[in-house]
Enquirer: 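Please find one structure pasted underneath; my questions will follow.
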Amino acid sequence: MKLNFKRIEAAKPKDKPYKLADGGGLYLDVAKSGRKTWRANFGYGAGQTQKTVTYGPWPEVSLVQARERHQHDKAEYRAAKAAMAAGETPDPAARAPRPTFQQVAQEWMRLKLPSLSNPKHRVQVQNTLERFAYPAIGDCPVDQITRDQLIQVVKTAEAGGRIETAHRVAGRINAVMDFAVDANHLQSHPAAGLIRVLTPRKVKKPMSSIAPEETGALLQAIEGYEEPVTRLGLQMLALTFVRTAELRGMRWSELKEEGGIWVIPAERMKLRLPHVVPLSRQAQQVLQKLQDLNGDAEFVFASPIQRGSPFSENTLLFALYRLGYKHRMTGHGFRALASTVLNEQSGFAHDVIERQLAHKETDAVRAAYNRAQYLEQRRDLMQWWADWLDRQRP
């Protein structure tokens with residue numbers, strides 16, 4: 001039976017990898033991690049030496065795309081068998097011309113760029129390839145690009161002290177060449193470890209965050225903050241440990257299950273996927289106070305100055321400064337604090353904690369279709385966290 005979207009999506013990981021056949025030799029390989037990859041096997045020569053062809057991961061490579069690529073390769077395979085029967089010994093991998101680096105990069109960007117939440121970042125990715133890679137290797141077939149060429153590209157990018165830019169160029173070239181391998185344009189590539197030839201980049205200082213034992217003093221300081229919406233915003237940030245931008249954009253319409261959960265839409269999330277935040281009893285009590293203050297506004301944290309907008313992006317950060325926590329705590333610091341405590345003290349599984357932090361999922365399928373994964377465990381986790389915060393107060 002041929003595959004369809006529903007069967008592919010429903011395929012769950014098992015103790016061992018397994019295959020779902022689509023017919024004609026094409027199959028979907030399901031790894032133990034849940035990663036799903038399009039592949040096909042072909043036999044060449046008198047001994048029928050088997051070669052496995054990889055067309056790329058699903059859903060990045062759709063069912064239709066995988067079938068199209070497989071039909072193309074089957075035609076090549078038949079031609080190679082006919083040539084062998086006639087006494088020739090062709091190299092099947094060399095029959096079709098390989099696409100150029102620029103062609104592969106454009107296809108990679110078509111799939112990659114929509115997943116980037118920041119429009120500025122999307123432009124930067126495209127510009128670095130156009131400025132540094134295309135002039136040197138853009139017209140080169142991907143299977144003919146040498147290590148020396150790639151080193152020259154990133155060294156040119158590094159000239160003039162552009163260390164960070166050169167590292168980005170190296171990373172994006174490597175990603176394009178990885179995609180070329182996944183798309184079966186070549187078996188391996190020379191871009192791996194390209195950053196080794198560059199000057200090491202400066203390590204970014206992590207966002208400031210207090211130690212767990214300082215939490216009680218911070219919460220006490222927040223309770224004394226005079227402006228009520230800002231005070232409640234800091235309390236909500238502590239209870240939910242979402243990103244500051246996600247909190248300030250919170251709308252009353254995003255509350256579901258009678259205020260029991262908050263669903264942040266994809267366009268406000270860093271990974272462009274909806275995020276479910278179970279709300280503890282304490283978080284719901286904070287929202288009840290905000291309802292009295294801003295219940296008639298669109299935004300939960302409505303600006304007192306600009307009608308129809310949330311308070312400014314620096315409101316919570318500057319409030320922490322006024323409380324004496326400059327260089328010691330930031331809005332993002334609540335995420336670091338929660339991650340530390342939950343991983344070291346709560347007993348919840350790491351996957352549950354990572355899901356609630358909305359960190360990047362390594363498996364594309366799980367990331368795209370399991371936005372509410374572990375929801376019941378996450379309800380318990382968020383209540384445990386709120387209770388832990390209560391226990392830290394003097």
Side-chain angles (χ1 to χ4, degrees), residues 3 5 8 11 17 19-31 33-42 44 50-80 91-116 122 125-126 128-130 133-134 137-147 149-150 153 169-194 362-365 367-368:
L3 296 177
F5 181 88
I8 296 169
K19 302 174 183 178
L20 292 176
D22 185 57
L26 177 66
Y27 63 90
L28 189 69
D29 185 89
V30 184
S33 65
R35 182 177 176 83
K36 301 170 185 177
T37 307
W38 295 109
R39 291 197 170 96
N41 296 330
F42 294 93
Y44 291 101
Q50 182 171 283
K51 288 191 177 182
T52 299
V53 175
T54 301
Y55 297 120
W58 186 85
E60 287 89 340
V61 177
S62 69
L63 175 59
V64 172
Q65 290 172 320
R67 285 172 176 168
E68 288 175 350
R69 294 177 185 177
H70 184 54
Q71 289 301 319
H72 176 270
D73 281 3
K74 281 179 70 175
E76 285 192 358
Y77 169 68
R78 293 190 188 101
D91 177 4
R95 294 185 60 84
R98 303 294 101 175
T100 65
F101 178 86
Q102 183 169 339
Q103 289 172 330
V104 175
Q106 288 171 340
E107 178 66 12
W108 172 76
M109 285 190 291
R110 186 182 69 80
L111 296 170
K112 172 69 175 177
L113 295 191
S115 69
L116 302 179
R122 292 197 289 267
V125 170
Q126 187 167 351
T128 51
L129 291 173
E130 290 178 350
Y134 291 174
I137 59 174
D139 294 332
C140 296
V142 287
D143 61 336
Q144 296 179 23
I145 296 173
T146 66
R147 180 77 171 184
Q149 285 178 293
L150 297 179
V153 169
V169 172
R172 287 159 193 169
I173 288 175
N174 187 69
V176 171
M177 298 298 274
D178 280 345
F179 177 76
V181 172
D182 289 342
N184 198 36
H185 297 314
L186 64 167
Q187 296 300 310
S188 61
H189 66 76
L194 197 54
T362 55
D363 184 277
V365 178

Enquirer: Is atom CG of Asp178 surrounded by more than 12 heavy atoms (other residues, nucleotides or ligands) closer than 6.0 Å?
Expert: yes
Enquirer: Measure the shortest side-chain to side-chain distance between Arg172 and Val176 over non-hydrogen atoms and say whether it is less than 4.5 angstrom.
Expert: no
Enquirer: Looking at every heavy atom in both Ala180 and Val104, which two are closest together, and how far apart are they?
Expert: CB-CG1, 3.9 Å
Enquirer: Determine, step by step, whether Trp38 and Asp29 satisfy the side chain to side chain contact (heavy atoms under 4.5 Å, CB included) criterion, reporting the C-alpha distance in whole Å, the side-chain angles of both residues, the deciding distance to 0.1 Å, and the verdict.
Expert: CA-CA 6 Å; Trp38 295 109; Asp29 185 89; over 6 Å; no
Enquirer: About how many Å separate CD of Gln65 and CZ of Arg67, when rounded to the nearest 0.5 Å?
Expert: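 These two atoms lie 12.5 Å from each other.
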Enquirer: Hey, is the main chain of Ile8 close enough, under 3.5 Å, to the side chain of Lys36 for a donor-acceptor pair?
Expert: yes
Enquirer: Do Tyr27 and Leu20 come within less than 4.5 Å of each other through their side chains, counting heavy atoms only?
Expert: no
Enquirer: Grab the two heavy atoms, one from Val30 and one from Ala11, that are nearest each other, plus how far apart they are.
Expert: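 Minimum heavy-atom separation between Val30 and Ala11: CG2-CB, 4.4 Å.
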Enquirer: Where do Ile173 and Ala191 come nearest, in terms of heavy atoms and distance?
Expert: CG2-CB, 4.2 Å
Enquirer: Are side-chain heavy atoms of Leu63 and Asp22 found at a separation under 4.5 Å?
Expert: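 Yes, close enough: below the 4.5 Å cut-off.
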Enquirer: Looking at every non-hydrogen atom in both residues, tell me the closest pair between Gln149 and Cys140 and how far apart they are.
Expert: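 It is NE2-SG, 3.7 Å.
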Enquirer: Does any part of the side chain of Val142, heavy atoms only, come nearer than 4.5 Å to the side chain of His189, both counted from C-beta?
Expert: no
Enquirer: Hydrogens and angles aside, do Glu130 and Gln126 bring a side-chain donor and acceptor to less than 3.5 Å of each other?
Expert: yes
Enquirer: Should we say atom CD of Gln187 is surrounded by more than 12 heavy atoms from elsewhere, each under 6.0 Å from it?
Expert: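 Counting neighbours around CD of Gln187, 12 or fewer heavy atoms of other residues, nucleotides or ligands fall under 6.0 Å, so no.
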Enquirer: For the OG1 atom of Thr37 and the NZ atom of Lys19, what is their distance to the nearest 0.5 Å?
Expert: 12.5 Å
Enquirer: Can you tell me how far the CG atom of Asp182 sits from the CE atom of Met177, to the nearest 0.5 Å?
Expert: 12.5 Å
Enquirer: Under a 3.5 Å distance rule, please check whether Gln103 uses its side chain to pair with a backbone N or O of Thr100 as donor and acceptor.
Expert: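 At least one qualifying donor-acceptor pair exists.
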Enquirer: So, for Thr128 and Val169, which heavy atoms are closest and what is the spacing to 0.1 Å?
Expert: CB-CG2, 4.2 Å
Enquirer: Between His185 and Phe179, is there a donor-acceptor pair closer than 3.5 Å when you use the side chain of the first and the backbone of the second?
Expert: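 No; zero donor-acceptor contacts below 3.5 Å.
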Enquirer: Can we call the ring centroids of Phe101 and Trp108 under 6.0 Å apart?
Expert: no
Enquirer: Quick check: closest heavy atoms across Leu150 and Ile137, and the distance to 0.1 Å?
Expert: CD2-CD1, 3.7 Å
Enquirer: Starting from the C-alpha separation in whole Å, work towards a yes-or-no answer on side chain to side chain contact (heavy atoms under 4.5 Å, CB included) for Tyr134 and Leu129.
Expert: CA-CA 6 Å; Tyr134 291 174; Leu129 291 173; 4.1 Å; yes
